[in-house]
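These numbers were taken from a predicted model, which means no experiment stands behind them. Below, read A as the first sequence line, B as the second, and so on, with proteins coming before strands; counting in each chain starts at 1.
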Number of protein chains: 2
Amino acid sequence: MSSSIASFGKHASTAEEEAYLHIQRALRLGRYKPGERLIPEDIASEIGMSRMPVREAFRRLASDGLVVLRPNRGCIVAGLTVDELYEIFEMRSVLEGLAVRLAMPRIDEDELEELDRLLERMERAGKSGSSDWVVRHQEFHGRICALSQRPKLTHQIATLHAVIEPYMRIWFDYVEKPLSAREEHAAVIAALRSGDAHKAEQVMQYHILGTAPLLAEFATPSR
Amino acid sequence: MSSSIASFGKHASTAEEEAYLHIQRALRLGRYKPGERLIPEDIASEIGMSRMPVREAFRRLASDGLVVLRPNRGCIVAGLTVDELYEIFEMRSVLEGLAVRLAMPRIDEDELEELDRLLERMERAGKSGSSDWVVRHQEFHGRICALSQRPKLTHQIATLHAVIEPYMRIWFDYVEKPLSAREEHAAVIAALRSGDAHKAEQVMQYHILGTAPLLAEFATPSR
DNA sequence: GATTGGATCAGTGGATACAAAAAGCCAGAG
DNA sequence: CTCTGGCTTTTTGTATCCACTGATCCAATC
């Protein structure tokens, strides 16, 4: 089983679930533009079901923050303003900081090696220039979440990752490869290796907050 | 307009919204027991609509963590295990810590007096023995969230408050009034008055994490 | 030429209808 | 008395249908 933070690999047991996963994937891959309208009819026939399960999927996607639902106006793809993007990263910084702090007790030499491997894979994906890097990056962060053994925290973080994923992809495509990323992720591992939970939390917070400004230029300017 | 963290006072523009608010209120007031099944048919006729909007409301409530939806098995009221309750409080501690830290720049003498007033109202509500205290308490925390000027953060915190609200109510009914609460809330205000954002964040974290064990006995034991 | 008013139409919200799944029930076997 | 297997009932999941809202477009007016 993958340690990805993503829920890409699941298969649906109901039509609603299928619609949810289908639309979520499309949104995360950036197939729809922010502000674009999602017409239930179209999506329904695309997947081969009626509008109803699609409408229900919209509710969940709206709760996740991936779309916006306005009464009698339908469903539009959520776009983040710069302010909103920063806000997400502020939330990520404290939540993932918490996750890494709580992960500390489960850290042993095996885990550290696993994280090293994930870092290495992320590095290779980055060199290949493909946006796999985004997936590998989520895998790395997801692994640490998983170690925290906090299901709700992990879910919350995964949801935030889904929201910023399109921006991560655009960013990656533009700037080739995040330069500071390797050192910062290595620093997280180093902090975990040192056994200092508080230090690890701070390093994670620093890493995440440092990433925000790099992505900000791809968000829509704040009003 | 109330500064309550709650969304009690809203009125619905669609049937789905009405169903959502109706069920949410009932859950927060503890009218349904954890594990209890919510039958769409019943709720629909109770509010005077068909099952459909109720089903959609269920999706949102499930995203909020207030109910659990299992395919072909319907909707049951979510109950928190002790572990889950602690997890919520861990998340609250860092999120509300963040909120109070970010609120600092908006703090002036007027705001401090407003917070003092809210503390006073909470105190009075506590003496009257009514579970109004819970609402006042949310008002206090909600005010600080609002000052952070972070809509998504505020919404997230409000959602967590909704999930723990039934436990807060039970707790209050049992132990009369939280003894340490007044001093801890006063300490938060004092930290805000001092202008030390980092201190305020720590005091808030301490306050929230300290509350968790008091509520834990009302959650279902972890497996 | 810009603005407004209304006709038209696409799309949404909600109700009803129907099929499929799960839960309850009962009788018979062990 | 308990367990099992199949029938019945209840409830869920999905599709279809209808009324109404909001958007669009065109023409008449200023």
query = Counting only distance, no hydrogens or angles, is the base of dG14(C) paired donor-acceptor with the side chain of Arg55(A) under 3.5 Å?
reply =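 Such a pair exists between side chain and base.
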
Round to the nearest Å and state the distance from [X] atom [atom1] to [N] atom [atom2].
{"X": "Arg70(B)", "N": "dT12(D)", "atom1": "CZ", "atom2": "P", "answer": "13 Å"}
{"X": "Ile76(A)", "N": "dT12(C)", "atom1": "CD1", "atom2": "C1'", "answer": "15 Å"}
{"X": "Ile39(B)", "N": "dG24(C)", "atom1": "CD1", "atom2": "P", "answer": "11 Å"}
{"X": "Phe58(A)", "N": "dG13(C)", "atom1": "CZ", "atom2": "C1'", "answer": "13 Å"}
{"X": "Ile47(B)", "N": "dA15(C)", "atom1": "CD1", "atom2": "P", "answer": "11 Å"}
{"X": "Met49(A)", "N": "dG13(D)", "atom1": "CE", "atom2": "P", "answer": "14 Å"}

Angle class for the [X]/[Y] ring planes (parallel below 30°, perpendicular above 60°, tilted otherwise)?
{"X": "Trp133(A)", "Y": "Trp171(A)", "value": "perpendicular"}
{"X": "His207(B)", "Y": "His141(B)", "value": "parallel"}
{"X": "His137(B)", "Y": "His185(B)", "value": "perpendicular"}

ask   = Going by heavy atoms in the side chains, are Arg136(A) and Glu123(A) under 4.5 Å from each other?
value =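 No, every pair of side-chain atoms sits at 4.5 Å or beyond.
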
Residue closer to the 5' end of DNA chain D, Gly74(B) versus Asn72(A) (nearest nucleotide) =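 Whichever sits nearer the 5' end wins; that is Gly74(B).
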
task = Between Arg37(A) and Met52(A), name the one whose nearest nucleotide on DNA chain C is closer to the 5' end.
result = Arg37(A)

ask   = Looking for any heavy atom pair under 4.0 Å, which part of the strands does Arg51(B) touch: base, sugar-phosphate only, or nothing?
value = base

request  = Would you mind classifying the nucleic acid contact of Glu41(A) as base, sugar-phosphate or nothing, using non-hydrogen atoms under 4.0 angstrom?
outcome  =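 Nothing, no heavy atom under 4.0 Å.
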
task = State whether Arg73(A) places a side-chain N or O below 4.0 Å from either non-bridging phosphate oxygen (OP1 or OP2) of dA23(D).
result =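 Arg73(A) to dA23(D) OP1/OP2: side-chain N or O found under 4.0 Å.
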
